[in-house]
Structures are given as C-alpha cells and as structure tokens.
Novice: 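Once you've had a glance at the structure underneath, I'll fire off some questions.
For clarity, every value in this text was computed on a predicted model and none was experimentally measured.
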Amino acid sequence: MKKYIYSGLVFCFLVVGCFKAGSQVVYGIYFQGNTTYLAVIDISNCSTCNVLELPSTSNTEDLSILPNGDIAIINNANLSVDIYSPPSSIPVVVPLNPSSLVYGSLLFNGLLYIYAENGLYYLDPTTNQITYVGAWPAGMPSPAVFELYESSGQIYLMEMYGNPGEIWQVDLTNPSNSTYLQQVPTTPGVIISVTSVGNDILFIAEEWLNSYNPASNSFSQECNLNDLGIFGAMTGLTYLPSGVAPPPCLCTTDAGTVSFLTSEICLPEEAVVPFNNDATLNSDDLLQYILFSNLSDTLGSILVTSNTASIGFNPITMQTGVTYYLATIAGDNLNGNVNLTDDCLSISNASEVVWWPQPSVSFAAPNPDVCVGGCITLEVTLTGTPPFSLTGEILAGANVVGTFNENYLQNNGTLNACAPLGTAPGS
C-alpha cells in the first residue's frame with residue numbers, strides 16, 4: 001500500500017494503480033506547516049494520498065500535469081512556471097514576465113494555457129517557451145482572478161474568490177473576443193480552484209471538493225477535504241492527461257528503529273530484537289522481526305522471520321561464534337508475512353548478536369583412588385569456546401576439603417585434586 005502522514009497521523013488508501021488515467025481523480029496542491037504537498041483525490045470513494053512533497057512555496061496558485069508527467073506549478077511569488085520532475089523537488093523555473101499577476105493554468109491540445117490579469121499566455125512544454133496570445137475583453141472584471149477549465153472541447157474561465165463569480169468562454173486565438181456566459185451559483189465558501197475531468201467540472205470551495213453542472217448552473221458537494229486530512233486550502237486543482245502514468249503515492253511505512261547492541265548469549269537462550277516501538281504502520285501493514293547474516297544484502301540473507309521479538313538459534317542454518325543481525329521489517333501483509341516486493345518496504349537499523357555454546361566440563365582419571373595426604377591428576381574436558389575459567393570445591397562426603405580456580409586456553413587440560421591429612425575415607 002501507499003501511505004502518507006498528515007500532522008503525525010497515519011493514513012493509507014489505495015494501491016498504486018487504482019488512480020488511473022480516465023478515472024475520476026483530481027490532483028491538487030495544498031500547504032501544511034512548512035511544506036507544499038501535491039495530493040491525488042479519488043472522487044469515487046473520497047480517498048487520497050500525497051504524491052510529491054516540496055519546500056513551502058508562497059503564492060502558489062495553480063498546477064497542471066504535463067504530457068510527460070512533469071508538474072507545472074504557477075508561482076505568483078516569482079511570476080514563473082515552476083516545472084518539477086517527480087520525485088525531484090528541484091524545479092526548472094520558466095519566467096512568465098507578465099505585466100500583472102498570474103493565476104490559472106490548463107493543459108489543452110498539448111499547450112499549457114495560463115491566465116494572467118493582463119491576458120492569455122501559453123507555454124509549449126516541448127520547448128518551455130512562453131507566448132503571449134492577447135488581452136482580455138474590456139468588460140471582464142478587473143482586477144479579478146480566474147481559472148481555466150475545459151468542457152466539450154471549449155475552454156472556459158471561472159472566477160475565483162467572487163461569490164457568486166462569473167463564467168466566460170475563452171477565444172484561444174483572440175482572447176479579447178471571449179464572451180461572458182453566466183454567474184456561478186452562490187457556494188458555501190469562495191471558489192479557490194477549478195478543473196475538469198472529461199466533461200465533469202470540479203472546484204474547491206473552502207473544505208469541499210464540489211462538482212458543477214453548467215446546464216443547471218448548480219453544484220454538488222463531493223468530498224470533504226478535512227475528512228481526508230487536508231486542512232490547508234487546496235489552491236490548485238488539475239487532472240491527469242490521458243496516457244500519463246499516475247505518479248506513485250509517497251511512502252510513509254516505517255519499520256522504526258532498534259537499539260544498537262552487540263549481544264553475546266549462550267545456547268539455548270533466545271535473542272530479543274531491541275525494538276524501540278516506534279514503527280509507523282497502516283491497517284494493511286505488518287511488522288515482523290528478522291535475523292539476517294549480511295549487512296550488504298539484508299533481504300537476500302534473512303535466516304529467521306518472526307512475529308515476536310524473540311528469535312531462537314537454528315543449528316541447521318546458523319553457527320555459534322558468528323555475528324548475526326537483528327532488525328524489524330514492515331510492509332504490506334501478504335498471507336501473514338511482510339511482502340518483500342512492496343514498493344514501500346521498510347527495514348530498521350540493525351543490532352548484533354552472537355551465540356556461544358553452553359560451557360560444560362567433565363573429569364576423568366585413569367585411577368580414581370587417592371590416599372589421605374595425596375593428590376590425583378584429573379583429565380579435564382571442556383565444551384564451549386575457550387578461554388575457560390573453572391572454579392569449584394573438592395568434597396569429602398559433605399565436607400569441603402579444598403578448592404580450585406584454574407584457567408584453560410583450550411578445550412582440555414588437567415586438574416590436581418588432593419585429599420588433605422585428616423580426610424575421612426570415603427568418596
């Protein structure tokens with residue numbers, strides 16, 4: 001799944017590919033905090049996700065998606081068209097140099113038409129050249145803010161911020177011959193952006209995405225932006241051109257972090273992934289715990305996948321004395337496991353663990369008998385990984401008659417056990 005975050009809250013909606021050219025989806029820009037987001041809204045079920053994150057851009061008015069998938073944003077602060085190629089957030093800046101502010105834009109017949117207060121411009125996306133077409137009619141409200149939309153092969157202007165506003169039909173060859181058609185109905189809030197998908201006309205008024213019917217001159221409320229987690233005004237609105245692949249949603253699935261430790265533990269003890277409980281998951285995501293052997297090939301060297309933080313030693317696939325790595329992994333839930341092909345797969349940092357064999361000792365003596373006041377040499381065999389420290393007591397019956405504290409650099413050696421004078425006969 002593709003995911004996004006608004007104000008620290010996690011949402012997830014549609015698998016990439018559900019937003020397809022030809023379906024009733026619109027793209028818009030909005031501001032939250034110090035960031036500008038490009039979001040897609042599927043009107044059929046009022047779901048959304050972010051597809052591009054940009055630095056805060058003041059006075060950003062409108063956007064259009066170009067035939068090559070680039071995103072053209074009208075920037076009133078610079079009087080320019082800023083063209084982004086996702087996922088890059090560094091634009092190509094095309095100066096407009098109009099004599100007045102610019103607002104709306106519309107891709108039509110391969111050209112990006114741009115509304116400015118002093119007239120109509122267009123940008124040729126193949127050359128990034130700006131052409132001034134001509135001035136607006138003298139009867140058009142001035143100053144005014146208009147956005148462009150298309151319906152049945154005709155281009156129209158809808159007035160923004162007026163309530164009610166005006167609709168004009170645009171003459172693309174001689175804008176001064178553009179004609180006034182009608183007023184739009186009074187809306188719950190001022191219109192701040194408009195677009196068209198096919199012949200469906202859509203506009204934003206306050207927190208609502210609305211549809212507009214020019215025949216009846218009426219509108220219907222479609223989606224509440226606040227319910228989608230969009231709390232800033234959506235100042236731009238556009239459609240996806242036919243044949244253009246929809247940009248993927250930004251990923252926010254996050255497997256979180258683990259505390260970095262180098263744990264050395266003895267068999268048969270289990271390792272525990274030191275997860276910090278800071279993952280970001282959606283309803284269709286799964287978090288699992290993994291043990292792998294190669295930091296340079298995490299996915300290719302996973303030896304254990306667990307639904308709990310405890311991971312045991314597998315003598316078939318693992319060896320003692322070898323460093324292994326512990327981490328968390330998160331992504332789509334595929335039949336009870338994380339889908340390793342998920343585009344938004346996330347893996348945490350790693351912690352280290354080494355298993356060692358459980359140490360043990362055994363004693364042997366060719367002749368286990370010893371006289372009082374004498375000593376016996378025991379053959380010592382140790383299992384585990386040297387060096388060893390061996391401490392213990394020598395008992396005669398229930399009485400301690402001696403102690404030992406020996407160090408061994410290998411898995412075998414000897415130990416002297418003595419029976420002091422006065423030791424009673426027996427074991």
Novice: Start with the C-alpha distance between Thr131 and Tyr121, add both sets of side-chain angles, then the distance that settles side-chain contact (heavy atoms from CB on, under 4.5 Å), and finish with yes or no.
Specialist: CA-CA 5 Å; Thr131 299; Tyr121 295 77; over 6 Å; no
Novice: Quick one: list whatever passes side chain to side chain contact (heavy atoms under 4.5 Å, CB included) with Ser211, sequence neighbours left out.
Specialist: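 Ser211 satisfies side chain to side chain contact (heavy atoms under 4.5 Å, CB included) with Leu202, Ser220, Glu222 once adjacent residues are dropped.
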Novice: Measure from the side-chain N and O atoms of Ser88 to the backbone N and O of Ile90, and report whether any donor-acceptor pair falls under 3.5 Å.
Specialist: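 Yes, the answer is positive, given that a donor and an acceptor are paired below the 3.5 Å cut-off.
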Novice: What pairs of residues pass the side-chain hydrogen bond (donor to acceptor under 3.5 Å, both in side chains) test when at least one of them lies in residues 289-305, not counting sequence neighbours?
Specialist: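 Found none.
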Novice: Minimum heavy-atom separation for Asn118 to Tyr132, with atom names?
Specialist: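 That closest heavy-atom pairing would be O-OH, 3.1 Å.
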Novice: Taking atom CD1 of Ile71 and atom CG of Leu63, what is their separation to the nearest 0.5 Å?
Specialist: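 Rounded to the nearest 0.5 Å, the CD1-CG separation comes to 7.0 Å.
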Novice: Do you know the tightest heavy-atom contact between Ile191 and Glu159?
Specialist: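 In terms of heavy atoms, the two residues are closest at CB-O, 4.3 Å.
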Novice: Atom CZ in Phe146, atom CE in Met158: separation rounded to 0.5 Å?
Specialist: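 Here the interatomic distance stands at 10.5 Å.
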Novice: Could you tell me whether a side-chain N or O of Asn411 sits under 3.5 Å from a main-chain N or O of Leu382, the two making a donor and an acceptor?
Specialist: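 Yes.
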Novice: If we only count heavy atoms from C-beta on, is the Ser351 to Val273 side-chain gap below 4.5 Å?
Specialist: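 Answer no - side chains too far apart.
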Novice: Step by step, would you call Val184 with Ile167 a side-chain contact (heavy atoms from CB on, under 4.5 Å)?
Specialist: CA-CA 7 Å; Val184 294; Ile167 295 178; 3.2 Å; yes
Novice: Just wondering, do Glu352 and Phe260 contact through their side chains at under 4.5 Å, heavy atoms?
Specialist: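 Yes, at least one pair of side-chain atoms sits under 4.5 Å.
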Novice: Output yes when a side-chain donor or acceptor of Thr383 lies under 3.5 Å from a complementary backbone atom of Ser360, and no otherwise.
Specialist: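 Checking the backbone N and O of Ser360 against the side chain of Thr383, a donor-acceptor pair under 3.5 Å is found.
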Novice: Just wondering, are more than 12 heavy atoms of other shown residues or ligands nearer than 6.0 Å to OH in Tyr122?
Specialist: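 Open.
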Novice: Looking at every heavy atom in both Pro175 and Gly134, which two are closest together, and how far apart are they?
Specialist: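 Where Pro175 meets Gly134 most closely, the heavy atoms are CG-O, 3.7 Å.
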Novice: Rounded to the nearest 0.5 Å, what separation is found between the CG atom of Leu123 and the CD1 atom of Ile130?
Specialist: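 Between atom CG of Leu123 and atom CD1 of Ile130 there are 4.0 Å.
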Novice: Tell me if the aromatic rings of Tyr149 and Tyr156 count as close, with their centers under 6.0 Å from one another.
Specialist: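 Yes, close enough.
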Novice: Hey, does Glu117 have a side-chain heavy atom less than 4.5 Å from the side chain of Tyr103?
Specialist: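 Yes, side chains in contact.
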Novice: Is the side chain of Asp278 donor-acceptor paired with the backbone N or O of Thr257 at a distance under 3.5 Å, no angle test?
Specialist: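 Yes; judged by distance alone, with no hydrogens or angles, the pair exists.
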Novice: Checking Ser105 now: which residues fulfil side-chain hydrogen bond (donor to acceptor under 3.5 Å, both in side chains) with it, not counting sequence neighbours?
Specialist: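 Ser105: side-chain hydrogen bond (donor to acceptor under 3.5 Å, both in side chains) contacts with Asp62, Ser64.
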Novice: Who pairs with Phe388 by ring-ring contact (aromatic ring centres under 6.0 Å, His included), at least two apart in sequence or on another chain?
Specialist: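 Residues passing ring-ring contact (aromatic ring centres under 6.0 Å, His included) with Phe388: none at all.
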Novice: Once side-chain hydrogen bond (donor to acceptor under 3.5 Å, both in side chains) is applied, do any residues pair with Asp171, and if so which ones, sequence neighbours excluded?
Specialist: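 Listed in chain order: Thr173.
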Novice: Start with the C-alpha gap between Asn217 and Tyr212, add the side-chain angles, then the distance that decides, and say whether side-chain hydrogen bond (donor to acceptor under 3.5 Å, both in side chains) holds.
Specialist: CA-CA 7 Å; Asn217 197 29; Tyr212 172 64; 2.7 Å; yes
Novice: Taking the side chain as every heavy atom from C-beta outward, state whether Leu107 and Pro241 have any atom pair closer than 4.5 Å.
Specialist: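 Answer yes - side chains close enough.
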Novice: How would you list, by chain and number, every residue that makes a ring-ring contact (aromatic ring centres under 6.0 Å, His included) with Tyr180, sequence neighbours excluded?
Specialist: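 ring-ring contact (aromatic ring centres under 6.0 Å, His included) list for Tyr180, sorted by chain: Trp168.
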Novice: Please report, to 0.1 Å, the donor-acceptor pairs under 3.5 Å made by any side chain of residues 402-409, with sequence neighbours excluded.
Specialist:
| unit_1 | atom_1 | unit_2 | atom_2 | d |
| --- | --- | --- | --- | --- |
| Tyr408 | OH | Thr414 | O | 3.0 |

Novice: Looking at Ala255 and Leu287, what are the two nearest heavy atoms and their distance?
Specialist: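 For Ala255 and Leu287, the tightest heavy-atom pair comes out as O-CD1, 3.9 Å.
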Novice: Partners of Asn226 by side chain to side chain contact (heavy atoms under 4.5 Å, CB included), sequence neighbours excluded?
Specialist: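 Scan of Asn226 (side chain to side chain contact (heavy atoms under 4.5 Å, CB included), adjacent residues dropped) gives Glu207, Asn224, Phe231.
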Novice: Please check this pair: side chain of Asp342 against backbone of Asp332, looking for a donor-acceptor N/O pair closer than 3.5 Å.
Specialist: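 Between the backbone of Asp332 and the side chain of Asp342 there is a qualifying donor-acceptor contact (under 3.5 Å).
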Novice: Could you pull out all residues at least two apart from Glu150 that satisfy side chain to side chain contact (heavy atoms under 4.5 Å, CB included)?
Specialist: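 Glu150: side chain to side chain contact (heavy atoms under 4.5 Å, CB included) contacts with Leu106, Phe108, Ile155, Ser196.
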Novice: Side chains of Val190 and Glu206: closer than 4.5 Å at any heavy-atom pair?
Specialist: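 Yes - at least one pair of side-chain heavy atoms lies under 4.5 Å apart.
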Novice: Return the set of residues passing side chain to side chain contact (heavy atoms under 4.5 Å, CB included) with Leu299 (not counting sequence neighbours), or none when no residue passes.
Specialist: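 By the side chain to side chain contact (heavy atoms under 4.5 Å, CB included) rule, Leu299 matches Ile302, Ile329, Leu340, Leu345, Ile347.
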Novice: Does the side chain of Cys46 come within less than 4.5 Å of Asp227's, by heavy atoms?
Specialist: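 A side-chain contact under 4.5 Å is absent here.
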Novice: For Ser80 versus Asp82, what's the shortest heavy-atom pair and its separation?
Specialist: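 Ser80 and Asp82 have their closest heavy atoms at OG-OD1, 2.9 Å.
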Novice: Run the side-chain contact (heavy atoms from CB on, under 4.5 Å) test on Val81 and Ile74 for me, step by step, so that the C-alpha distance in whole Å, both residues' side-chain angles and the decisive distance to 0.1 Å come before the verdict.
Specialist: CA-CA 5 Å; Val81 180; Ile74 301 297; 3.9 Å; yes
Novice: Ignoring hydrogens and angles, tell me if any N or O in the side chain of Asn76 forms a donor-acceptor pair with the backbone of Leu79 under 3.5 Å.
Specialist: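 Here the side-chain-to-backbone pair does not exist.
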Novice: Trp208: what forms a ring-ring contact (aromatic ring centres under 6.0 Å, His included) with it, not counting sequence neighbours?
Specialist: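 Checked Trp208 against ring-ring contact (aromatic ring centres under 6.0 Å, His included); zero matches.
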Novice: Just so I know, are the side chains of Thr341 and Leu334 near enough to count as touching, which here means a heavy-atom distance under 4.5 Å?
Specialist: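 The answer is no, as the side chains (C-beta and beyond) never meet within the 4.5 Å cut-off.
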Novice: Show, in sequence, the C-alpha distance, side-chain angles and deciding distance for Met234 and Leu209, and conclude whether the side-chain contact (heavy atoms from CB on, under 4.5 Å) test is met.
Specialist: CA-CA 9 Å; Met234 188 165 269; Leu209 173 63; over 6 Å; no
Novice: Look only at the side chain of Trp136 and the backbone of Ala116, and say whether a donor-acceptor pair between them is shorter than 3.5 Å.
Specialist: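 Yes; judged by distance alone, with no hydrogens or angles, the pair exists.
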Novice: To the nearest 0.5 Å, how far apart are CG in Leu112 and OG1 in Thr238?
Specialist: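 The CG atom of Leu112 sits 8.5 Å away from the OG1 atom of Thr238.
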Novice: So, using ring-ring contact (aromatic ring centres under 6.0 Å, His included) as the criterion, who are the partners of Tyr324 when residues are at least two apart?
Specialist: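 By the ring-ring contact (aromatic ring centres under 6.0 Å, His included) rule, Tyr324 matches no residue at all.
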Novice: Nearest 0.5 Å please: distance from the OG atom of Ser85 over to the CG atom of Asn68.
Specialist: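 Answer for the OG-CG pair, Ser85 versus Asn68, is 6.5 Å.
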Novice: Determine yes or no for a side-chain-to-main-chain donor-acceptor pair under 3.5 angstrom, with Asp254 supplying the side chain and Gly256 the backbone.
Specialist: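 Side chain of Asp254 to backbone of Gly256: a pair is present.
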Novice: State, with a plain yes or no, whether a side-chain heavy atom of Leu267 is found less than 4.5 Å away from one of Thr320.
Specialist: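 Result yes, sub-4.5 Å side-chain heavy-atom pair found.
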Novice: Any donor and acceptor pair, going by atom type alone, linking the side chain of Asn349 with main-chain N or O of Val258 inside 3.5 Å?
Specialist: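 Yes; judged by distance alone, with no hydrogens or angles, the pair exists.
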Novice: If you round to the nearest 0.5 Å, how far is OG of Ser178 from CG of Leu172?
Specialist: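 Interatomic distance, Leu172 CG to Ser178 OG, rounded to 0.5 Å: 8.0 Å.
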Novice: If you compare all heavy atoms of Tyr113 against all heavy atoms of Leu148, which two are closest, and at what distance to 0.1 Å?
Specialist: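 Nearest heavy atoms, Tyr113 then Leu148: O-CD1, 3.4 Å.
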Novice: Check for a donor-acceptor pair, side chain of Ser346 on one end and backbone N or O of Ala330 on the other, with a separation under 3.5 Å.
Specialist: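 Here the side-chain-to-backbone pair does not exist.
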